[in-house]
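Quick notes on the structure that follows.
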Amino acid sequence: MNLDHLADFRRTHRCGDLRREHAGQVVRLCGWVHRLRDHGGVMFLDLRDRAGLVQVIFRPGEGADHPSERARRLGSEFVIAVEGTCVPRPDSMVNLQMPTGTVEVEATGLSVLNDSQTPPFVLEEAPSAGEDLRLEYRYLDLRRPELATVLGMRHRVAQVVRSHLDGQGFWEIETPMLVRPTPEGARDYLVPSRVHPGSFYALPQSPQLYKQLLMVSGMDRYYQLARCLRDEDLRADRQPEHTQIDIEMSFIGEEEVFALIEGLMREVFGRVLSAELAVPFPRMVYRESMDRYGSDKPDLRFDFALTDAADAVRDSGFKVFDETLAAGGSVMLLRWPGGAAFSRKEQDELEDLAKRYGAKGLARTKVTSAGLDGGPAKFLSAAVQQRLVEAAGAAEGDLLCLVADRRDIACRSLGALRSRLGQEWLKGHPDAAKSWRFLWITEFPLFEQDPQTGVLSPAHHLFTMPMEEDLPFLASDPARVRGRLYDLVLNGSELGSGSIRIHRRDIQEAVMQVVGITGEDAERRFGFLLKAFQYGAPPHGGLALGLDRIIMLMAGRSSLRDTIAFPKTTSASSLVDGCPAPVAAEDLRDLKLRVDAGM
RNA sequence: GGGGUCGUAGUUCAGUUGGUCAGAACGCUGGCCUGUCAAGCCAGAGGCCGCGGGUUCAAGUCCCGUCGACCCCGCCA
């Protein structure tokens with residue numbers, strides 16, 4: 001195959017942009033050969049670029065150099081330049097499946113700019129190969145409009161975020177990528193220092209401490225599209241590298257943060273998806289969210305809620321319930337409309353799910369015209385059955401799922417069930433599935449308590465301001481202290497979280513005392529921030545939104561990997577470049593590091 | 001750290017209780033074909049059944065280990 005030079009050929013349009021209005025124009029296009037349909041005489045070629053596909057038609061002609069003869073020798077993914085006339089398709093030939101389907105390009109010239117190996121998988125609209133292979137050849141997978149479009153959306157969102165925040169008086173300020181390792185929170189990615197052997201930088205888990213320093217600096221309103229790195233185990237919605245829309249403001253309280261973010265989301269969804277969001281977003285306190293939905297990020301697209309069944313089943317004589325309640329536990333109930341139709345196998349799968357969240361079992365019983373049927377029903381009197389049905393507001397044909405356990409386990413395991421069943425429900429309710437249900441969750445506990453050891457640790461981070469009314473309990477009953485914390489939730493996903501920060505040294509010291517950090521510890525770990533706070537720290541607060549997750553939801557994808565140009569696998573490997581990778585012995589020597597081969 | 005699913009032509013997969021099980025489709029190569037758009041028709045090439053060990057007369061199939069991908073629990077302030 002003889003290759004041509006681009007020379008002074010310059011394209012006039014992108015393939016995917018051609019429309020009826022371009023009919024009659026001479027166009028020059030560049031792109032990749034998506035597919036060839038050779039009819040012996042006339043020949044069709046789908047040409048692809050970032051913007052999409054357009055059909056190019058070659059009419060037969062004489063001579064080996066004629067465009068149609070040269071086109072015959074093309075292969076998949078060859079890079080070509082085409083000159084031709086954009087013409088309307090005959091009515092019967094219009095293809096409404098493609099955006100460019102009302103026109104086609106009558107080719108008058110063809111240059112072959114590069115050839116291509118046969119790709120390892122066919123580039124179709126739907127993925128035609130396993131994800132690992134597509135990740136190894138990510139640059140090919142990204143040629144598929146399905147994925148290219150997501151990156152385009154990501155770009156649009158980033159632009160809207162920047163322009164909106166600029167309009168609100170925010171400055172975009174970069175913070176370091178090589179930062180001080182922190183013992184708190186997620187595991188750090190460590191970077192050894194060559195100049196200081198034995199000392200390490202960390203890659204930032206978030207710009208948290210730096211953005212607070214910027215508030216002390218008087219920057220007032222800061223934002224950044226910040227890369228954040230955490231060396232923790234991954235999930236479909238968790239990558240070791242992700243991007244946060246990181247925001248911090250001075251002289252504000254919760255209301256300013258909520259209003260800002262609501263305006264930002266409205267702008268983003270409006271400009272990028274033409275979706276009109278209703279503001280303000282509803283709010284719910286953490287306690288209610290856990291009680292009603294068994295989750296701190298409930299999906300409100302479906303409204304089924306948990307019920308506390310303790311009163312209904314008290315002294316029922318059913319040992320599991322009675323003993324749990326006597327021990328201070330809870331009996332929680334999830335009603336599933338129409339769930340009586342679930343097979344035994346489906347019910348057992350629900351129980352397995354509940355067990356994964358720590359439940360010892362899942363009691364299931366069907367609501368029939370004659371009372372409850374199955375599971376614990378035979379141990380329950382008619383009166384108790386009646387009370388259960390009433391408490392749940394259940395109707396014939398419903399399935400009642402009950403968990404008797406420690407309250408958090410009962411709620412969380414039924415919350416997982418609710419979430420699973422809700423996904424099924426959404427399949428039958430496309431309008432609900434397509435809705436955007438934003439929600440603020442507020443009043444999180446300031447501390448988390450290890451159920452085994454009883455040890456308290458910060459639920460968000462050490463610098464979160466306790467709620468004013470709970471300050472008196474900081475010393476006496478810290479576990480009940482709520483923080484000025486808030487999460488933004490969308491359709492069951494946590495989009496971001498933030499808080500109003502502590503700017504007063506006395507409160508800071510009291511909080512550190514609760515989690516057992518001595519003055520000496522504090523000095524060593526983040527003395528630099530505490531020192532800064534002594535020089536006139538303004539009241540401040542903010543939050544960070546997960547850009548990747550926002551894009552994932554907006555694009556309707558189920559994996560974060562689809563929103564990132566070069567993502568990592570579940571084991572934090574990059575298949576396209578094969579990292580992480582061993583390094584040469586001399587590189588380790590420079591760093592005064594030795595690898596323990598026995599591991 | 002733990003649980004689950006998967007690994008067979010380039011790709012997606014089928015392969016029953018261990019015994020013609022090396023198969024299909026798509027892709028690829030060659031030929032035919034002047035309106036297709038997942039073009040069509042004919043022919044052909046293409047296999048370390050992830051890797052290592054074991055059980056057995058016999059292993060793609062059963063067992064153990066290992067590597068990798070995916071999903072989940074723990075973890076991720």
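In this text the structure is predicted, and so the values were computed from the model without any measurement.
With a 3.5 Å ceiling on both atom-pair distances, the Watson-Crick or G-U wobble partner of B:rG52 is B:rC64. Taking a pair to require two hydrogen-bonding distances under 3.5 Å in either a Watson-Crick or a G-U wobble arrangement, B:rG44 pairs with B:rC28. Of all nucleotides present, only B:rG19 satisfies the Watson-Crick or G-U wobble test against B:rC57, with each distance under 3.5 Å. The nucleotide B:rC70 finds its pairing partner in B:rG4, both defining distances of the Watson-Crick or G-U wobble pair being shorter than 3.5 Å. When both pairing distances are held under 3.5 Å, B:rC75 makes no Watson-Crick or G-U pair with any nucleotide shown.
In this structure, A:R235 reaches the B:rC73 phosphate: one of its side-chain N or O atoms is under 4.0 Å from OP1 or OP2. Side-chain nitrogen and oxygen atoms of A:R37 include at least one within less than 4.0 Å of the OP1 or OP2 phosphate oxygen of B:rA39. Checking the phosphate oxygens (OP1, OP2) of B:rC28, no side-chain nitrogen or oxygen of A:T118 falls inside 4.0 Å. Distances shown here put every side-chain N or O of A:R35 at or beyond 4.0 Å from the OP1 or OP2 atom of B:rC37. Side-chain nitrogen and oxygen atoms of A:R412 include at least one within less than 4.0 Å of the OP1 or OP2 phosphate oxygen of B:rG74. A close approach under 4.0 Å does occur between a side-chain nitrogen or oxygen of A:S571 and OP1 or OP2 of B:rA69. Within the structure, a side-chain polar atom (N or O) of A:R561 is placed less than 4.0 Å from OP1 or OP2 of B:rC71. Using a 4.0 Å cut-off, no side-chain N or O of A:T570 falls inside it from OP1 or OP2 of B:rA69.
Residue-level contact check: A:D231 touches neither bases nor backbone, having no heavy atom under 4.0 Å from any strand. When heavy atoms are screened at a 4.0 angstrom cut-off, A:M98 is found touching base atoms of the nucleic acid. Residue-level contact check: A:E125 touches neither bases nor backbone, having no heavy atom under 4.0 Å from any strand. Residue-level contact check: A:R356 touches the backbone only, with heavy atoms under 4.0 Å from sugar-phosphate atoms and none from bases. Contact annotation for A:E131: backbone-only contact, meaning every heavy-atom pair under 4.0 Å involves sugar-phosphate atoms and none involves a base. Using a 4.0 Å heavy-atom cutoff across all strands shown, A:T182 reaches no nucleic acid atom at all. Among the atoms of the strands shown, none is found under 4.0 Å from any heavy atom of A:Q239. Among the heavy atoms of the strands lying under 4.0 Å from A:G185 are primed sugar atoms or P, OP1, OP2 only; no base atom is included.
Using P as the reference atom, B:rG50 and B:rU12 are 13 Å apart when rounded to the nearest Å. Taking atom C1' on both B:rG74 and B:rA58, the two are 45 Å apart, rounded to the nearest angstrom. For the C1' atom pair drawn from B:rG10 and B:rC67, the interatomic distance equals 22 Å after rounding to whole Å. Rounded to whole Å, the C1' atom of B:rC32 lies 44 Å from the corresponding atom of B:rG68. B:rC26 and B:rA43: their P atoms are spaced 13 Å apart (whole Å). Between B:rC63 and B:rG7, the distance separating the two P atoms is 14 Å to the nearest Å. The gap from the C1' atom of B:rG23 to that of B:rG60 amounts to 12 Å, rounded to the nearest Å. Nucleotides B:rG40 and B:rG47 place their P atoms 26 Å apart, quoted to the nearest Å.
Closest to the A:R238 side chain, of the nucleotides B:rU36, B:rA69, B:rC75, is B:rC75. Of the candidates B:rU34, B:rG1, B:rC76, the closest approach to any side-chain atom of A:V42 belongs to B:rU34. Closest to the side chain of A:P60, from the set B:rC71, B:rC76, B:rU34, is B:rU34. Among B:rA39, B:rC28, B:rA69, the nucleotide with an atom closest to any side-chain atom of A:T569 is B:rA69. When the nucleotides B:rC71, B:rG1, B:rC37 are ranked by their closest atom to the side chain of A:M93, B:rC37 comes out on top.
Within the 4.5 Å cutoff, the side chain of A:L421 has heavy atoms near those of the A:L334 side chain.
Expressed to the nearest 0.5 Å, how far CD of A:Q117 lies from CD of A:E77 amounts to 12.5 Å. Distance check: A:R227 CZ to A:M177 CE gives 7.0 Å after rounding to the nearest 0.5 Å.
Taking the nucleotide of RNA chain B with the nearest heavy atom to each of A:R72 and A:D46, the more 5' of the two is matched to A:R72. Mapping A:K568 and A:Y357 onto RNA chain B by nearest heavy atom places A:K568 closer to the 5' end of the strand.
In this entry the distance linking OH of A:Y137 with P of B:rG27 reads 19 Å, nearest Å. Taking atom CG on A:D237 and atom P on B:rC70, their separation rounds to 14 Å, with Å as the unit. To the nearest angstrom, P of B:rG1 lies 12 Å from CD of A:E232. Going from atom CD of A:E106 over to atom P of B:rU34 covers 17 Å, rounded to whole Å. Separating the CD atom of A:Q117 from the C1' atom of B:rG27 is a distance of 15 Å, rounded to the nearest angstrom. For the pair A:L53 CG and B:rU36 C1', the computed distance is 14 Å after rounding to whole Å. Taking atom CG on A:L133 and atom P on B:rC70, their separation rounds to 13 Å, with Å as the unit. Going from atom CG of A:D296 over to atom C1' of B:rC76 covers 13 Å, rounded to whole Å.
The aromatic rings of A:Y210 and A:F528 are tilted relative to each other, their planes meeting at an angle between 30° and 60°. The aromatic rings of A:Y137 and A:Y139 sit perpendicular to each other, their planes meeting at more than 60°, with 30° as the lower class boundary. Ring pair A:Y286/A:F444 is tilted by interplanar angle, where 30° to 60° counts as tilted.
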Please set out all donor-acceptor pairs under 3.5 angstrom arising from side-chain atoms of residues 96-103 of chain A, sequence neighbours excluded.
unit_1	atom_1	unit_2	atom_2	d
A:T100	OG1	A:L53	O	2.7

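Looking at A:R89, its side chain comes within 3.5 Å of the base of B:rC37 through a donor and an acceptor atom.
In summary, A:K297 and A:D487 do not engage in a salt bridge, as defined by a charged side-chain N under 4.0 Å from a carboxylate O.
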Item to complete: Just do the side chain to side chain donor-acceptor pair (under 3.5 Å) check on A:H242 and A:R230 with the steps written out, would you?
Response: CA-CA 9 Å; A:H242 72 284; A:R230 298 172 185 179; 4.7 Å; no
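In this structure, A:F121 forms no aromatic stack with the base of B:rU11, since the conditions of centre separation below 5.5 Å and plane angle below 30° are not both met.
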